[in-house]
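For reference, the structure discussed in these notes is given below.
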Amino acid sequence: MKQPEALTQRRLAVGWLRCKDVFANTVGWCFEKLKAPAMLKAFEFVDPETDQTVYLSTSKRFAVLCVGPRRFYFDRLTGKFDGMSAAACSVAGRVEFRD
């Protein structure tokens with residue numbers, strides 16, 4: 001009995017997604033074992049429930065996470081927490097962090 005072409009394509013798509021998932025999990029596991037720093041991209045998110053804005057930015061030396069009125073600094077190479085500051089994110093519009 002021959003299977004319809006659409007069913008075969010769907011099975012191939014599901015199989016491909018599973019392979020990609022296994023690959024991503026394996027690479028992530030290797031990075032965890034090597035203690036490699038995570039690659040972060042700058043983003044901005046506004047929580048719809050609390051209307052609080054969260055920013056993430058990177059510089060040559062630090063990754064800066066801004067939650068409400070506080071900034072949290074993480075070493076870019078090691079990922080270790082380096083310190084924090086207060087009342088820095090109350091800026092209208094986009095926030096730019098400079099070196």
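Here CD of Glu44 is found 10.0 Å from SG of Cys66. Values are rounded to the nearest 0.5 Å.
By the side-chain contact (heavy atoms from CB on, under 4.5 Å) test, Phe72 pairs with Leu65, Val67, Arg70, Phe74, Phe81, Met84, sequence neighbours left out. Annotation: side-chain hydrogen bond (donor to acceptor under 3.5 Å, both in side chains) contacts of Asp75 (sequence neighbours excluded): Thr78.
At least one side-chain heavy atom of Ser85 sits under 4.5 Å from a side-chain heavy atom of Tyr73. Asp82 has its side chain within reach of Phe62: a pair of non-hydrogen atoms, C-beta onward, lies under 4.5 Å apart. Between Val46 and Asp51 there is a side-chain heavy-atom pair separated by less than 4.5 Å.
Minimum heavy-atom separation, Ser57 to Ala42: CA-CB, 4.3 Å. Heavy atoms only, all atoms of each residue included: Lys60 and Arg76 are closest at O-CD, 4.0 Å.
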Could you go through residues 25-32 and list every donor-acceptor pair under 3.5 Å that involves a side-chain atom there, pairing it with any protein atom two or more places apart or in another chain?
| residue | atom | partner | partner atom | Å |
| --- | --- | --- | --- | --- |
| Asn25 | ND2 | Asp21 | O | 3.3 |
| Thr26 | OG1 | Val22 | O | 2.8 |

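Hydrophobic clustering (ILVMFWY, side-chain heavy atoms < 4.5 Å, transitive): Trp16 and Leu12 are in distinct clusters.
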